[in-house]
Visitor: 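Okay, here's the structure, questions in a sec.
Below, chains carry the letters A, B, ... as their sequence lines are ordered, and counting in each starts from 1.
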2 protein chains.
Amino acid sequence: MREGGLAAVVVETLAERLGTTKGSFYWHFKDRDELVVTGLELWEQEMTEAVIARLETVGDPVVRLRQLFDLMFADQPGGFMTTALLSHAQDPRVGPVLQRVTRRRLTYLTGALVECGVPPDRAHHHAVVAATAYLGYFGLQRQLPDEAVFGAEAKPYLRHLLHVLEAELPAARVRPSGA
Amino acid sequence: MREGGLAAVVVETLAERLGTTKGSFYWHFKDRDELVVTGLELWEQEMTEAVIARLETVGDPVVRLRQLFDLMFADQPGGFMTTALLSHAQDPRVGPVLQRVTRRRLTYLTGALVECGVPPDRAHHHAVVAATAYLGYFGLQRQLPDEAVFGAEAKPYLRHLLHVLEAELPAARVRPSGA
DNA sequence: ACCTGAACACCGTTCAAGT
DNA sequence: ACCTGAACACCGTTCAAGT
């Protein structure tokens, strides 16, 4: 799914790989659609709710926010999965899950910024900026897989982005320049 | 293609819609792959090369750059097409075209910025920022089609982006705040 | 030069029959 | 409860035969 999109999810191939027949597949799932939706809902839980739950254990909201950014942009598989789903946004199986995940992430991010002292409307705006940066960051890597578009190791793009986003935080709590 | 991805390109459906048989399709195209590639190459020409050719008629590099930004972010079908292709970036039919288009756009954008007096490495960095913003802008609209994520009519997101990008231009030529 | 219609392969889906 | 194997539908592809 992450690599080849919906078309890569093939019942017959799956059955072969599991050493069984495709007939038996239909005991476990009503049809291919149910497999796809189940997989997407699993992804929703593991990759969004689970991450949020983990972040909630962090006490300091500024530390939590930074950890959130770090997790977001360090998780290549997650980013590739999200950008892979983009083409199928109109698909009735993918659309609803993708909308839920996107909204959940946006609201959580907005809330995280508010807890850091950013006014709500600016927080929402910054959450949108972060979400577009996320899609763009992984999308561009997907488009140009053979190039280090964002530079080799040091990522000036991410630094720039974090700088813009953190510029909004109450001055005293901004990440020291060395971190 | 733009709406349903590769899977929506169906020879039988196409033949029906044209009131002919699928057998006759194979007189015009070697196979479905050739149709897909031909379509993508057409898109490459119409949506990238043609736009660039049109921009080249604009004399003033700063005016040209603004026109470029306007075209980029006003062209919803174009943006949706690009984000639709993202999932198929690994596909041998889509990948090469998508890479060419992306690289072409990045180099052109970088060049346009350089002609406005921006130093080459900063120009490249800003071109990358613009490219990610482009993917993020249309990607997020694709993910949340029922919401006006970026605000109704006035687009503070784009204004913000243009502000960041134009901040780099030689001071005297920056777009007046009213425009 | 261009089209049709039948044939076949591939994969989703069903289901009667097995254990 | 879980699996198999045969059957059928759908669509990509081929091709001999038509105009």
Side-chain angles (χ1 to χ4, degrees), chain A residues 1-46 77 80-101 142, chain B residues 1-46 77 80-101 142:
Chain A
M1 185 84 165
R2 190 195 306 140
E3 288 158 21
L6 273 179
V9 181
V10 179
V11 174
E12 195 156 24
T13 313
L14 179 65
E16 256 170 49
R17 204 180 298 177
L18 295 176
T20 179
T21 61
K22 46 182 179 165
S24 95
F25 169 85
Y26 287 88
W27 172 260
H28 300 281
F29 295 93
K30 194 182 138 302
D31 53 17
R32 185 173 168 271
D33 284 9
E34 194 178 280
L35 170 69
V36 169
V37 171
T38 306
L40 288 172
E41 282 169 350
L42 197 67
W43 166 73
E44 180 180 15
Q45 289 308 313
E46 309 260 294
F80 271 48
M81 183 66 178
T82 308
T83 50
L85 292 179
L86 225 47
S87 340
H88 306 293
Q90 323 245 18
D91 186 291
R93 295 157 299 186
V94 178
V97 185
L98 190 56
Q99 284 187 36
R100 280 204 304 274
V101 168
R142 229 183 140 89
Chain B
M1 185 83 169
R2 190 194 307 139
E3 287 158 22
L6 274 178
V9 181
V10 179
V11 174
E12 194 156 25
T13 312
L14 179 65
E16 256 170 48
R17 203 180 299 177
L18 296 175
T20 180
T21 60
K22 47 182 180 164
S24 95
F25 169 86
Y26 288 88
W27 172 259
H28 301 282
F29 295 92
K30 195 181 137 301
D31 53 18
R32 185 173 167 272
D33 284 9
E34 194 178 280
L35 170 69
V36 168
V37 171
T38 306
L40 288 172
E41 282 169 351
L42 197 65
W43 165 73
E44 179 179 17
Q45 288 308 313
E46 309 259 293
F80 272 48
M81 183 66 177
T82 309
T83 49
L85 292 179
L86 226 47
S87 343
H88 307 293
Q90 322 244 19
D91 186 290
R93 294 157 299 186
V94 178
V97 185
L98 190 56
Q99 284 187 36
R100 281 203 303 274
V101 168
R142 228 184 141 89

Visitor: Need to verify one output field. Residue with the more 5' nearest nucleotide on DNA chain C, A:T13 or A:K30?
Guide: A:T13
Visitor: In terms of side-chain heavy atoms of B:V10, which of C:dC11, D:dG12, C:dT4 is nearest?
Guide: D:dG12
Visitor: What's the closest nucleotide to the A:T21 side chain, out of D:dT4, C:dC11, D:dG12?
Guide: D:dT4
Visitor: Partner of D:dC3 by Watson-Crick or G-U wobble geometry, both contacts under 3.5 Å, or none?
Guide: none
Visitor: Once you round to the nearest 0.5 Å, how far does CG of B:L98 lie from CZ of B:R93?
Guide: 13.5 Å
Visitor: Could you tell me which nucleotide pairs with C:dC11 by Watson-Crick or G-U wobble geometry, both distances under 3.5 Å, or answer none if nothing does?
Guide: none
Visitor: Give the rounded distance in Å between these two atoms: CG of A:L35 and P of C:dT13.
Guide: 10 Å
Visitor: Identify which nucleotide among C:dG12, D:dG12, D:dT4 has an atom closest to any side-chain atom of A:V11, counting heavy atoms from C-beta outward.
Guide: C:dG12
Visitor: Kindly compute the distance separating OG1 (B:T38) from NZ (B:K30), expressed to the nearest 0.5 Å.
Guide: 11.0 Å
Visitor: Determine the contact category for A:T20: base if any of its heavy atoms lies under 4.0 Å from a base atom, sugar-phosphate if only primed atoms, P, OP1 or OP2 are that close, otherwise nothing.
Guide: sugar-phosphate
Visitor: Is B:H28 close enough to C:dA1 that one of its side-chain N or O atoms is under 4.0 Å from OP1 or OP2 there?
Guide: no
Visitor: Output the rounded distance in Å from CZ (B:R32) to C1' (C:dC10).
Guide: 13 Å
Visitor: Does A:R142 use its side chain to pair, donor to acceptor, with the backbone of A:F80 at less than 3.5 Å?
Guide: yes
Visitor: Rounded to the Å, how far apart are A:W27 CH2 and D:dG5 C1'?
Guide: 17 Å
Visitor: Can you tell me the distance, in whole Å, between the CZ atom of B:F25 and the P atom of D:dC15?
Guide: 16 Å
Visitor: For the pair made of CG in A:L18 and C1' in D:dC2, what is the distance, rounded to whole Å?
Guide: 14 Å
Visitor: Please determine, for the side chain of B:E12, which listed nucleotide (D:dC2, D:dC11, D:dT4) has the closest atom?
Guide: D:dC11
Visitor: Taking only N and O in the side chain of B:Y26, is any of them less than 4.0 Å away from OP1 or OP2 of D:dT13?
Guide: yes
Visitor: Separation of B:F29 atom CZ from C:dC3 atom P, in whole Å?
Guide: 12 Å
Visitor: Starting at CG of B:L6 and ending at P of D:dG12, how long is that distance when rounded to a whole Å?
Guide: 12 Å
Visitor: Measuring from A:W43:CH2 to A:M1:CE, what's the distance to the nearest 0.5 Å?
Guide: 8.5 Å
Visitor: I need the NZ-C1' distance between A:K22 and D:dC10, as an integer number of Å.
Guide: 12 Å
Visitor: Checking contacts here: which listed nucleotide (D:dT13, D:dG12, C:dT13) is nearest the side-chain heavy atoms of B:D31?
Guide: D:dT13
Visitor: Roughly how far apart are A:Y26 OH and A:E34 CD, rounded to 0.5 Å?
Guide: 11.0 Å
